[in-house]
Peer 1: 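I'd like to ask some things about the structure below.
The figures that follow rest on heavy atoms only: side chains count, while hydrogens, waters and symmetry mates do not. For reference, positions follow the sequence shown, starting with 1.
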Amino acid sequence: MSAGVGAATVDRGELARLATRAPVRGFLTWGAVVAVVGAAIVAWTIATGHPDRASRDYLIGFLFWTSLAQALVIVAATQKLAKGHWAGLIIRFAEAAVAFLFASVILYGGLVLGRAFLFGALPVDRSGAGFWFGTTFFLIRNWVIVALMAWLSWRFVRRDLAPDQAELAQGKAVETDPEEKGRIARDAAILVVSWAFGYTLIGFDLVMTLAPRWESNLYGAFFFMGSFLCGLAALAVLSHLHRRVMGLQHLISAKQMHDLGKLIFGFTVFWGYLMWAQFLVIWYGNIPEETYFVFYRLWGPWRPVGTAVFLMVFVIPFIGLLGVKPKKYAPTFLAFSGISILGLWLERYLEIVPSLTPGQPPSLGVPELGTFLLFGGLFLLSYGWFAGRYPMISPRLAADTLEREHSH
């Protein structure tokens, strides 16, 4: 059975062979080097008498990289629910991030160790809070959310992997029957709904409660949808990386990247809408419990950071990806995707650090770089672990994408 840009160009056998050509050694080598460098910087930060700063940076790194990995899996799940056929060649690049979610279950222990620096001011004095903000239950429930989301993500990915593993083992095409497709869609739906609920709670608990008097019903959606935008941008980077290293230039087309670029552009606009909706309500209400959180980050010493977040997450990607050509041209697409990713990390920094260092100006330096490298290296290691054990292209989904693309 043939598929491809030209009907005789690529068959299922070649797709199966390409599925095992992921740069596993590169992921593992670079991941180990980057993680070791990051760990050394974190250890140096603690040894020089700044465990509080190391704890803050660890929380930023944990939230950023865990929510990014989770969002990548969610991107794959949404394609199943939307019956999107255009992403068949790149969907596994998103699903592979599931491995880091299990690492996050362990890495959560770092938050427990740094709890005195992070969660020492939980709002237990709020009327009706009761046991909800007790430190033990607070830490346990968020760990349970992380662990449950990792399991639900793996259940979805494992079911989607099964036909491709069978195809590579048997050496012949294996298709998914309608019943199994229904089960995959069911697992995807459960995962997406659980993600929206679970990561709303994580946003409330691990970010909003750091400023004990601040409340925002919209922040949960802002938190997990920002992560979704980050996952889309990360998928763009991963797709271009695999396209070059795995020799997929003739398969991953400019049309597919254009489709992904339109999603990034659309959710960039949606991020801007959510930010404006939150800002407008707080500004119009003018309630001190709400206004201080926002205006502290938009005026005074934190204003440059707030401005940078707005420019990097909204203005630059919006203008840059407005046209068709920047989405199809790899250098510009990668540049705008990278700017968006870095801007979303800076957003996490802006949300967390001012709450833990009231009255102090921003301090971006080597310690922040250290935790970014530590978690980034561990992400690459877990990603490489997955790529070394499972097919990084789904022959059946890739063939479907190519056949549909060729037929149009």
Peer 1: Do V193 and F197 have side chains that approach each other closer than 4.5 Å (heavy atoms only, starting at C-beta)?
Peer 2: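 V193 vs F197: side chains apart.
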Peer 1: What heavy-atom pair brings S239 and I252 nearest, and what distance separates the two atoms?
Peer 2: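 Between these two residues, the closest heavy atoms are O-CD1, 4.2 Å.
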Peer 1: Enter the distance from S394:OG to L161:CG here, rounded to the nearest 0.5 Å.
Peer 2: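 So the OG of S394 and the CG of L161 are separated by 8.5 Å.
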Peer 1: Count the heavy atoms belonging to other residues, nucleotides or ligands that lie under 6.0 Å from CH2 of W86, then report whether that count exceeds 12.
Peer 2: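 Result for CH2/W86: enclosed.
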Peer 1: Check step by step if side-chain contact (heavy atoms from CB on, under 4.5 Å) holds for L89 and L402.
Peer 2: CA-CA 8 Å; L89 273 153; L402 294 168; 3.7 Å; yes
Peer 1: Is the backbone N or O of H258 less than 3.5 Å from a side-chain atom of K328, with the two atoms forming a donor-acceptor pair by type?
Peer 2: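 Flag not set: sc K328 to bb H258 has no pair under 3.5 Å.
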Peer 1: With the threshold set at 4.0 Å, does a side-chain nitrogen-carboxylate oxygen contact exist between E95 and K80?
Peer 2: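 Judged by the 4.0 Å cut-off on N to carboxylate O distance, E95 and K80 do not form a salt bridge.
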Peer 1: Taking the side chain as everything from C-beta on, heavy atoms only, tell me whether L201 gets closer than 4.5 Å to I145.
Peer 2: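 In short, these two side chains touch, coming nearer than 4.5 Å.
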Peer 1: Test your reading of the model: is there a side-chain donor-acceptor pair from E167 to the backbone of V174, 3.5 Å cut-off?
Peer 2: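 Checked: pair present.
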Peer 1: For a side-chain contact (heavy atoms from CB on, under 4.5 Å) check, start with the C-alpha distance between L63 and Y199, then their side-chain angles and the critical distance, and finish with the verdict.
Peer 2: CA-CA 10 Å; L63 285 175; Y199 272 72; over 6 Å; no
Peer 1: Below 6.0 angstrom between ring centroids: does that apply to F119 and F138?
Peer 2: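 Yes: the rings meet the under 6.0 Å criterion.
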Peer 1: Could you go through I74 and F224, starting from their C-alpha distance and side-chain angles, then the distance that decides it, and tell me whether this counts as side-chain contact (heavy atoms from CB on, under 4.5 Å)?
Peer 2: CA-CA 11 Å; I74 294 298; F224 72 75; over 6 Å; no
Peer 1: Tell me if a side-chain donor or acceptor on Q79 pairs with a main-chain N or O of A76 at a distance below 3.5 Å.
Peer 2: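 Answer holds: no.
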Peer 1: Check W271, F333, F318, F336 against F265 for a ring-ring contact (aromatic ring centres under 6.0 Å, His included) and give me the one that passes.
Peer 2: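 The option that passes is F318.
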Peer 1: List the steps and the verdict of side-chain hydrogen bond (donor to acceptor under 3.5 Å, both in side chains) for T401 and Q256.
Peer 2: CA-CA 9 Å; T401 295; Q256 295 163 37; over 6 Å; no
Peer 1: For R396, what residues pass the salt bridge (charged side-chain N to carboxylate O under 4.0 Å, His left out) criterion, not counting sequence neighbours?
Peer 2: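 Checked R396 against salt bridge (charged side-chain N to carboxylate O under 4.0 Å, His left out); matches are D160, D164.
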Peer 1: How about W65 and L378: do any of their side-chain heavy atoms sit closer than 4.5 Å?
Peer 2: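 A side-chain contact is absent here, since even the closest heavy-atom pair is not under 4.5 Å.
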Peer 1: Any carboxylate oxygen within less than 4.0 angstrom of a Lys/Arg side-chain nitrogen, looking at D400 and R404?
Peer 2: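 Yes, this pair counts.
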Peer 1: Does F102 CZ have over 12 foreign heavy atoms under 6.0 Å away?
Peer 2: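 Check passes, neighbour count above 12.
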Peer 1: If we only count heavy atoms from C-beta on, is the F310 to M275 side-chain gap below 4.5 Å?
Peer 2: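 With C-beta onward as the side chain, the pair touches.
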Peer 1: State, to 0.1 Å, how close L111 and L206 come at their nearest heavy-atom pair, and which atoms those are.
Peer 2: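 Heavy atoms of L111 and L206 come nearest at CD1-CD1, 4.3 Å.
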Peer 1: Hey, do the aromatic rings of F27 and H242 have their centres closer than 6.0 Å?
Peer 2: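 Here the rings of H242 and F27 have centres that are less than 6.0 Å from each other.
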Peer 1: Using the rule given for side-chain hydrogen bond (donor to acceptor under 3.5 Å, both in side chains), can you reason through R56 versus S355, listing the C-alpha separation, both sets of side-chain angles and the distance that settles it, and then say yes or no?
Peer 2: CA-CA 10 Å; R56 295 193 299 266; S355 298; over 6 Å; no
Peer 1: Kindly indicate whether the side chain of M225, heavy atoms from C-beta on, has any atom under 4.5 Å from the side chain of Y273.
Peer 2: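 No, side chains not in contact.
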Peer 1: Could you give me the CA-CA distance, side-chain angles and deciding distance for Q278 and S216, then say whether side-chain contact (heavy atoms from CB on, under 4.5 Å) is met?
Peer 2: CA-CA 8 Å; Q278 186 164 238; S216 170; 2.6 Å; yes
Peer 1: Do you know the tightest heavy-atom contact between V313 and T268?
Peer 2: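 Distance-wise, the nearest heavy atoms are O-CG2, 3.3 Å.
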Peer 1: If you compare all heavy atoms of L274 against all heavy atoms of A221, which two are closest, and at what distance to 0.1 Å?
Peer 2: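 For L274 versus A221, the nearest heavy atoms are CD1-O, 4.1 Å.
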Peer 1: Report the distance from atom CD1 of I90 to atom CG of L235, rounding to the nearest 0.5 Å.
Peer 2: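 Going from the CD1 atom of I90 to the CG atom of L235 covers 4.5 Å.
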Peer 1: Does a side-chain heavy-atom distance below 4.5 Å link H240 with S337?
Peer 2: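 Of all side-chain heavy-atom pairs linking S337 with H240, none is under 4.5 Å.
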Peer 1: I would like to know whether K255 and D259 meet salt bridge (Lys or Arg N to Asp or Glu O under 4.0 Å); could you show each step before the answer?
Peer 2: CA-CA 6 Å; K255 182 180 182 300; D259 289 336; 3.7 Å; yes
Peer 1: Would you compute the distance between atom CE of M312 and atom CG of L344 and round it to the nearest 0.5 angstrom?
Peer 2: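 M312 CE to L344 CG: 9.0 Å, rounded to 0.5 Å.
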Peer 1: When rounded to the nearest 0.5 angstrom, what is the spacing between CZ in F386 and CZ in R92?
Peer 2: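 These two atoms lie 6.0 Å from each other.
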Peer 1: May I ask you to check whether over 12 heavy atoms, not counting those of R244, lie within 6.0 Å of atom CZ?
Peer 2: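 It does not: R244 CZ has 12 such atoms or fewer within range.
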Peer 1: Might you point out which heavy atoms bring G306 and L350 nearest each other, and give the distance in Å?
Peer 2: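 Distance-wise, the nearest heavy atoms are CA-CD2, 3.6 Å.
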Peer 1: Quick one: are R297 and V305 in side-chain contact, heavy atoms under 4.5 Å?
Peer 2: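 The answer is no; the side chains never approach within 4.5 Å.
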Peer 1: Take atom CD in Q249; do more than 12 heavy atoms of anything else shown fall under 6.0 Å from it?
Peer 2: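 Yes, the 6.0 Å shell around CD holds more than 12 heavy atoms from other groups.
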Peer 1: Take atom CZ of R25 as the centre, draw a 6.0 Å sphere, and report whether it contains more than 12 heavy atoms from other residues, nucleotides or ligands.
Peer 2: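 Atom CZ in R25 is not crowded, with 12 or fewer foreign heavy atoms closer than 6.0 Å.
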Peer 1: Using a cut-off of 6.0 Å, state whether more than 12 heavy atoms not belonging to K262 lie near its atom NZ.
Peer 2: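 Atom NZ in K262 is crowded, with more than 12 foreign heavy atoms closer than 6.0 Å.
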Peer 1: Looking only at non-hydrogen atoms, find the nearest pair between W302 and P361 and report the distance.
Peer 2: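 Smallest interatomic distance, heavy atoms only, reads CZ2-C, 4.0 Å.
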Peer 1: Could you check whether atom CG of D177 has more than 12 heavy atoms from other residues, nucleotides or ligands sitting under 6.0 Å from it?
Peer 2: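 Enclosed.
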Peer 1: Can you measure from CZ (F62) to OH (Y58) and round to the nearest 0.5 angstrom?
Peer 2: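 Going from the CZ atom of F62 to the OH atom of Y58 covers 7.5 Å.
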Peer 1: For W385, is there any backbone N or O sitting under 3.5 Å from a side-chain donor or acceptor partner on R389?
Peer 2: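 Answer holds: yes.
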Peer 1: Can you tell me how far the CZ atom of R141 sits from the CG atom of L148, to the nearest 0.5 Å?
Peer 2: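 Between atom CZ of R141 and atom CG of L148 there are 15.0 Å.
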Peer 1: Would you find a donor on one side and an acceptor on the other, under 3.5 Å apart, between the side chain of Y108 and the backbone of V144?
Peer 2: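 Checked: no pair found.
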Peer 1: Looking only at side chains, do T371 and R53 share a donor and an acceptor under 3.5 Å apart?
Peer 2: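 Not at all, the side chains of T371 and R53 share no donor-acceptor pair under 3.5 Å.
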Peer 1: Determine, stepwise, if the pair F267 / F228 fulfils ring pair (Phe, Tyr, Trp, His ring centres under 6.0 Å).
Peer 2: CA-CA 8 Å; F267 280 96; F228 188 75; 4.8 Å; yes
Peer 1: Considering only heavy atoms from C-beta outward, does the side chain of W151 approach that of V105 to under 4.5 Å?
Peer 2: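 Side chain of W151 against side chain of V105, heavy atoms only: no contact under 4.5 Å found.
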Peer 1: Between T20 (side chain) and R17 (backbone), is there a donor-acceptor pair under 3.5 Å?
Peer 2: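 Side chain of T20 to backbone of R17, a donor-acceptor pair under 3.5 Å: yes, one is there.
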